[in-house]
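Below is one structure, written out as structure tokens; the observations come after it.
Below, each value reflects all heavy atoms present in this structure, side chains not excepted, and no hydrogens, waters or symmetry copies. Within every chain, numbering begins at 1; the chains are lettered A, B, ... in the order of the sequence lines, protein sequences first and strands thereafter.
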Number of protein chains: 2
Amino acid sequence: MVDKATQLLDDYGIADLTMRRLARELNVTPGALYWHFADKQELLGAVADRILTPALAEVVADWQGRITAICGQLRDALLSHTDGAELVSASFAAGRSTAATELLARLTDAAASAGVAPAHAGLAARTVVYYVLGFTADEQSRLQWDAAGAALSDGQSVLGDDDPGVRFAFGVRLLIDGIAARQPQRL
Amino acid sequence: MVDKATQLLDDYGIADLTMRRLARELNVTPGALYWHFADKQELLGAVADRILTPALAEVVADWQGRITAICGQLRDALLSHTDGAELVSASFAAGRSTAATELLARLTDAAASAGVAPAHAGLAARTVVYYVLGFTADEQSRLQWDAAGAALSDGQSVLGDDDPGVRFAFGVRLLIDGIAARQPQRL
DNA sequence: ACCTGAACACCGTTCAAGT
DNA sequence: ACCTGAACACCGTTCAAGT
């Protein structure tokens, strides 16, 4: 069920991931889905959890390394599925992905390790998540847009400032520096 | 047309801001709307622009002051309309709000003033926008959720750490410190 | 220039009834 | 326990034809 939904997402995108279409693909009536899921959001949350599973690999490192790793794994996971960033963003906002909640908890932990006051660590973590989701949704929509169209004009650069990975890392470092400045005092 | 759409948004929320409903409210046929707007996204972009107009008030200050002001004005504008953050987020992501683009340009300017390399100023600006949209969408959904329900349980605090304004400012400062760290060298 | 009528191709959700 | 049939109340978009 979640398998077929994920496959539908990958093959046709989030706009075509409808309850009716999923039912058709499973050779059941639309109503049948409502015995397994309370509503569409719950189904999407389950798909989000599936997408996020690879991003839950544990990492042993200092707090900067943990944040960098989680951000990178999260972005990779989102980019691995058509409209992945958009779907996970929606499920995260609706609070219907437990995996997203777990990821947030780990970032909160890392922020606390950085010396951010307990009351603020969760805020710092959310700031990071908003960035990764926003950046990746943006990247993915451009990516998918010119995948279906121009055969990438390429432009000038050889290796650098317009590589999405490099651009992504810029923001991650910005956030890490901002978090570092949240320590009670610099040592 | 955009007036009625905005009114519909304020009164019933984004889910009920449909082309058919807007047409009904204007005493026209759904098809009539497509003489004025190419599609629904264009209409939503126009509503987004309307919402964002108050956030375009110019501010004279140093770069930190400009970023803080733009973020605050943006959040206020979003909170002034039902589902404002969600609607503007969608229009921004789809690149169909010119006001959002203008706001991004101003943040890019401020980041450049901060000494961020020209190639990176736009990235820093996007990071800020992702934060404001993410934070405010989150805040607004909670706000609207317990506006329709429990008469706010209130909890413990008297003035502080769980005031959304204070929480919002935390992230803004984090971002500003991160941007400051992007300067070629500290003076 | 601006709108209607009517259609096309869909949605999410509910729920009595069946097996 | 799990699903069907059938309905309810909708969607966005197009386009010939009218005024």
C:dA16 pairs with, by Watson-Crick or G-U criteria that keep both distances under 3.5 Å: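 Across all strands, the one nucleotide that pairs with C:dA16 is D:dT4.
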Rounding to the closest angstrom, what is the interatomic distance between C:dC3 and D:dT14 at atom C1'?
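Between the two C1' atoms, the distance is 14 Å.
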Distance between C1' atoms of C:dA7 and D:dC11 (Å, rounded) =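 It comes out at 14 Å once rounded to the nearest Å.
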As a test of reading the structure: which of [options] is closest to the side chain of [X], going by heavy atoms?
X	options	answer
A:A32	D:dC3, C:dT13, D:dC11	D:dC3
A:V28	D:dC11, C:dC11, D:dT4	D:dT4
A:P30	D:dG12, C:dC3, C:dT13	C:dT13
B:W35	D:dT13, C:dC2, C:dC11	C:dC2
A:Y34	C:dG12, C:dC3, D:dC3	C:dG12

Starting at atom [atom1] of [X], determine the distance to atom [atom2] of [N], rounded to an integer number of angstrom.
X	N	atom1	atom2	result
A:F37	C:dT13	CZ	P	13 Å
A:N27	D:dC2	CG	C1'	16 Å
B:R20	D:dA9	CZ	P	15 Å
B:L26	C:dC3	CG	P	10 Å
A:L22	C:dC10	CG	C1'	16 Å
A:R24	D:dG5	CZ	P	16 Å
B:I14	D:dC11	CD1	P	14 Å
B:L43	D:dT13	CG	C1'	14 Å

query = With A:Y130, which of B:D138, B:T136, B:T127 fulfils side-chain hydrogen bond (donor to acceptor under 3.5 Å, both in side chains)?
reply =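 Checked B:D138, B:T136, B:T127 against A:Y130; only one passes side-chain hydrogen bond (donor to acceptor under 3.5 Å, both in side chains): B:D138.
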- Message: I want to check something: taking the side chain as every heavy atom from C-beta on, are A:Q140 and A:T82 in contact at a cut-off of under 4.5 Å?
- Response: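 No; the side chains remain at least 4.5 Å from each other.
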Less than 4.5 Å apart, any side-chain heavy atom of A:W63 and any of A:I176?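 The answer is yes; the side chains approach within 4.5 Å.
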Tell me which of B:R21 and A:G31 sits closer to the 5' end of DNA chain D, going by the nucleotide each one is nearest to.
->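 Mapping each residue to its closest nucleotide by heavy atoms, the 5'-most match is A:G31.
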Would you tell me if any nitrogen or oxygen in the side chain of A:H36 comes within less than 4.0 Å of OP1 or OP2 on D:dC3?
->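 True: A:H36 side-chain N/O within range (under 4.0 Å) of D:dC3 OP1/OP2.
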query: Do B:F170 and B:F135 have their ring centres less than 6.0 Å from each other?
result: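 Ring centres of B:F135 and B:F170 not closer than 6.0 Å.
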Within 45° of the six-membered ring axis of B:Y12 and under 6.0 Å from that ring's centre, is NZ or CZ of B:R21 located there?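 Judged by the rule, B:R21 and B:Y12 form a cation-pi pair.
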So B:T29, base contact, sugar-phosphate only, or nothing? Heavy-atom distance under 4.0 Å.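 Result for B:T29 = base.
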